[in-house]
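So the structure is just underneath, and the comments pick up after that.
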Amino acid sequence: MSKKSPSHQPLFPIPHRKGVGTLGRRTQVEVNQLPLNLSKLCPEIYHYDVAVDPDKPKRFLRPIVAEFIKRHCNGFNPAFDGKKNLYAARQLPFGTSKSDQITMTNEERVSNNELEFQITVKLAQKINTSTITAFLNSRTTGQRLDVPQTAIQAIDVALRAAPLVSGPVPVGRSYFIPPDGRERIIELGGGLELWYGFYQSAILNWKPFLNVDVAHKGFPIPTNLVEIFCQVCRLNNPRDNFRPDDVLKFRGFVTTLKCDYEIPNTPNSRRTYRINNVGKSPANLRFRPDNGPEISVVDYFKRVKNYQIKHPDLPTVQVDPPAKNIFLPIELCYLKPGQALNRKLDEEQTAAMVKAAAKPPEDRKRRILNAIRTAQYNRSPVVKEFGIEVNENLDKVDARILDPPGVQYRNQSNPRPQPGQWRAGEFMLSHELSKWFIMCLDFRTRREKLNDFARMLASQGRNFGMTIQNVTEIKEMDTRSRQIKADVTNVLHKWKAQGAELVVVVIPGHGDFYSMVKRCAELEVGVLTQCIKANTMFKMNPATCGNILLKVNSKTNGKNHQLGDRYKPGVLSRPVMLIGIDVTHPSPDQTSIPSVAAVAASHDATAFQYNMIWRLQNPREEIVVDLKNIIIEQLKFFFTKTRYKPEKIIVYRDGVSEGQFQQVLAAELNAIRQACTTLEKDYKPGITFLVVQKRHHVRFFPMKSQDEDGKNRNVPPGTIVDTTITHPRELDFYLVSHSSLQGTSRPTKYHRLWDDNNISEDELEVLTYYLCYLFSRCTRSVSYPAPTYYAHLAAFRARTYLENNPAPLNNLEGFASKNKIEPVFMKNTPMFFV
């Protein structure tokens, strides 16, 4: 990487030929990437732009283009991306442009069900595929070349044509296969069932690959809408009482979905409709059929359709076209299968999905190989025409297994733990807890249970070398009170005046009590809280209590453990500030909710203690807009705590896709530099900037029995790969830093975008791995470094402040000023958010 320029402006890093790390025990692993043979790749790929008028409904785009190819391409096999790009291995026979009119049948219309579409296919560019060879050779020549994105995108689209032939349902880069009875259908709750599928993507690393992985998605259950209504609203049967909120949930679920409508014993009544809204119940919805007298839907179906509606009190659904005001009883409607929903799963659905998707490596590998057989890449006429060959065996890559660091406690020397886990000793630093309180918001949790917990907390505290006095007061609150929020706030104010150091709050497993408590305690009062769910309290044991104490000690400015002196990376021997940055976005259907930017920064010599700052910004905004001012605050806090200025700043930036690397680097590196020079003109610490990527589909499978870890037989913690499947010149690497409790371990990918500090590959890899042993909440190494984890927790805490407290997008600054964390509380207990 280049050194900083004299003007100290952010220049894009100039890649050099990348070295690789040397530390650790050498081994090999299998990876879910298939080598691509491009020796016969066509020398040029012809890229055509596809324009369809009208361009909706989107579901017609593929059949329209397929019909166009059949009519005008004379046996050629071009590849269509489903949107507007068509790629061909040779120039198509019609020249540079061709238009046609194509008729499609719309099953959602009763009459005039033929739709006319005008399609124009026009040559956009010729792509020289030799750019791929030049890029791959640049690893040895040291020449700087950008990834030939247009060429690899064309290859990617061509390879996608293979699975489409075999019939799966395409969703983004994944393909899903309808349940066929060979596997038990897993219901996720709330009207969804699990579909298995596979993901694929063509990529360029040291050589070209096709990445293939398993995929999972919730699809609406193709069943009667009455059953869907009960599932979405969590009703045991359709005659249960439901609330207006339940109808809103149902509307959110079914809107845009297609359903089949049919009156029993009346086959000619069958129609297919798209749902656009939810209406009143058949008993309450009245209309004038054929300009006659007003009548209810119930009476209309009884008199005109000779059908007695069985559920007159359930809502109706309104279907397209909206102008016709067609409302149908939901008992006569059945959802069509295979409809993808891009909506956020709730907690129950997410838990069910994780449980079903968590397969050990051997099972995951088997599913991947089955997907490869299903796709039949090398039999696809499109893939053949482009001259692409797919090696259908998983590739084998060189790997290393790094040794774990020694973890030190007050009563222990520097033991080197088992990779990924260790037994806690006495905390390195703890403070006596003399004034602490318990607030119970769960009516099922009895006073005796609360007293038992208070005694257990003190007893377990002694095991950790932590002094905890008897609980000062226990208060049981009636959550049925309409003014429960005010009651909680008043009690917290009272306890704060008594010098409360901690309030343990027992909350029910449902409702928004967690967010209510955190808003009251942290935004209004300024008192430290530790929430415990009632279900956790019911099964409280010493181990669980010990895990709670890990958080409590960190929150009260303690230090649980640290790296042993012998294992401390050299970069930490001088004042250095470690920064984690995360920006979380609302789900695609939440258009009125802002994004949250959170920055966590270390402020002690052992890199254990952090504080956080958060900001709200416009939805989908990836760059941290106010980063300069955030870093100024963090630098001041670091100096206040240590009396040193950081000589180095190391940033672990989460949540950035490869297409955003240069944009984020240019903006945020500049903001950090400006923050430094704003505080002191000549203050220019070295900056190292890495991107942390968790959302990828690379998985490792051990090849040797001695490399298998745990009951799931994953690769062990410390497994690192920085060759073959990484960038040919720049420094990036995959690291499995944790021992997976379920399923197949997901390696985290790290990509160094900038480095003023000349940190070697070995030192950067070891630093990253060791930081995974410094997370305060457990005695296990975690899947990504502590600063990144804390930034994620900080963003989650900020999201908590927004629950039932919406922030107006046109006045985010005003909202933030009214919802600030109480300043003295934040200064005195900076790790409150863990």
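Throughout, residue positions are numbered sequentially from 1 according to the sequence presented.
Between Phe427 and Tyr409, the distance separating the two ring centers is not shorter than 6.0 angstrom.
Every side chain to side chain donor-acceptor pair (under 3.5 Å) that Tyr769 has, sequence neighbours left out, goes to Tyr773. Under the rule for a side chain to side chain donor-acceptor pair (under 3.5 Å), the partners of Arg797 that lie at least two apart in sequence or sit in another chain are Tyr514, Glu522. A search for side chain to side chain donor-acceptor pair (under 3.5 Å) contacts involving Gln349 returns nothing, not counting sequence neighbours. Listed by chain and residue number, nothing satisfies the salt bridge (Lys or Arg N to Asp or Glu O under 4.0 Å) test with Glu822 (two or more places apart in sequence, or in another chain). Every residue two or more places apart in sequence or in another chain that forms a salt bridge (Lys or Arg N to Asp or Glu O under 4.0 Å) with Asp654 is listed here: Lys694. Applying the side chain to side chain donor-acceptor pair (under 3.5 Å) test to Arg615 and every residue at least two apart in sequence or in another chain returns Asp626, Glu633.
Sorted by first then second residue, the side chain to side chain donor-acceptor pair (under 3.5 Å) pairs that include residues 490-499, not counting sequence neighbours, are Glu473-Trp495. Listed by first and then second residue, the salt bridge (charged side-chain N to carboxylate O under 4.0 Å, His left out) pairs involving residues 775-794 amount to none (not counting sequence neighbours). Legend: salt bridge (charged side-chain N to carboxylate O under 4.0 Å, His left out) pairs involving residues 450-462, not counting sequence neighbours, sorted by first then second residue: Asp452-Arg455. Identified under the ring-ring contact (aromatic ring centres under 6.0 Å, His included) test for residues 598-621, with sequence neighbours left out: His561-Phe608, His603-Phe637, Tyr610-Tyr790, Trp614-Tyr801. For residues 524-552, the pairs satisfying salt bridge (charged side-chain N to carboxylate O under 4.0 Å, His left out) are Lys485-Glu524, with sequence neighbours left out.
Distance check: Glu476 CD to Cys440 SG gives 5.5 Å after rounding to the nearest 0.5 Å. Taken from CD in Gln674 to CG in Leu669, the straight-line distance is 10.0 Å, to the nearest 0.5 Å. Summarising the geometry, atom CG belonging to Leu802 is positioned 8.0 Å from atom CG belonging to Asn819; distances are rounded to the nearest 0.5 Å. Between the CG atom in Leu433 and the CD atom in Gln469 there is a gap of 8.5 Å [rounded to 0.5 Å]. Thr640 contributes atom OG1, which lies 6.5 Å from atom CZ of Arg643 (distance to the nearest 0.5 angstrom). One distance of note links OG1 of Thr677 with CD1 of Ile632; it measures 8.5 Å at 0.5 Å rounding.
A donor-acceptor pair is defined here as one N or O able to donate and one able to accept, closer than 3.5 Å; no such pair exists between the side chain of Ser481 and the backbone of Asp478. Side-chain atoms of His585 do not come within 3.5 Å of backbone N or O of Pro619 as any donor-acceptor pair. Side-chain N or O atoms of Gln617 include one that pairs as donor or acceptor with a backbone N or O of Val625 at under 3.5 Å. Put simply, the side chain of Glu501 gets close to the backbone of Lys435: a donor and an acceptor are under 3.5 Å apart. Judged by distance alone, with hydrogens and angles left aside, the side-chain atoms of Asp604 form no donor-acceptor pair with the main-chain N or O of Phe638 at under 3.5 Å. Without hydrogens or angle criteria, Asn560 side chain to Leu550 main chain gives a donor-acceptor distance under 3.5 Å. A donor-acceptor pair under 3.5 Å is absent between the side-chain atoms of Ser573 and the main chain of Pro569, judged by distance alone. Side-chain N or O atoms of Thr779 include none that pairs as donor or acceptor with a backbone N or O of Ala424 at under 3.5 Å.
Phe437 and Ala500 get closest at one heavy-atom pair: CE1-CB, 3.5 Å. The heavy-atom pair separating Ala534 from Pro508 by the smallest distance is CB-CA, 4.4 Å. Here the shortest heavy-atom pairing between Met439 and Val491 reads CE-CG1, 3.6 Å. Counting all heavy atoms, side chain and backbone alike, Met477 lies closest to Ile484 at CB-CD1, 4.2 Å. Closest approach of Leu345 and Met353 over heavy atoms only: CD1-CE, 3.8 Å.
Using a 4.5 Å heavy-atom cutoff, the side chains of Ile613 and Asn629 are not in contact. Looking at heavy atoms from C-beta onward, Glu348 lies in side-chain contact with Arg234 at the 4.5 angstrom threshold. For the pair Met612 and Ile821, the minimum side-chain heavy-atom distance is below 4.5 Å. A heavy-atom distance below 4.5 Å is found between the side chains of Leu690 and Ile650.
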Which atom pairs, one a donor and one an acceptor, fall under 3.5 Å between side chains of residues 806-817 and the rest of the protein, sequence neighbours left out?
| residue | atom | partner | partner atom | Å |
| --- | --- | --- | --- | --- |
| Asn811 | OD1 | Gly814 | N | 3.1 |
| Ser817 | OG | Gly814 | O | 2.7 |

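The cationic atom of Lys645 (NZ for Lys, CZ for Arg) lies less than 6.0 Å from the six-membered ring centre of Tyr683 and within 45° of the ring axis.
Each of Tyr652, Tyr784, Phe833 was checked for a ring-ring contact (aromatic ring centres under 6.0 Å, His included) with Tyr789, and the lone residue meeting it is Tyr784.
For Phe538, the CZ atom sits in a packed shell: over 12 heavy atoms of surrounding residues, nucleotides or ligands are nearer than 6.0 Å.
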query = Can Arg243 and Asp245 be said to form a salt bridge (Lys or Arg N to Asp or Glu O under 4.0 Å), step by step?
reply = CA-CA 5 Å; Arg243 302 168 300 174; Asp245 283 354; 5.2 Å; no
request  = For salt bridge (Lys or Arg N to Asp or Glu O under 4.0 Å), just list the numbers for Asp346 and Lys249, CA-CA rounded to whole Å, side-chain angles, deciding distance to a tenth of an Å, and then say yes or no.
outcome  = CA-CA 12 Å; Asp346 62 26; Lys249 290 179 188 174; over 6 Å; no
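In this pair, Phe825 and Phe832 present their aromatic rings tilted. The plane angle is within the 30 to 60° band.
Taking 4.0 Å as the cut-off between side-chain N and carboxylate O, Asp582 and Arg653 do not count as a salt-bridged pair.
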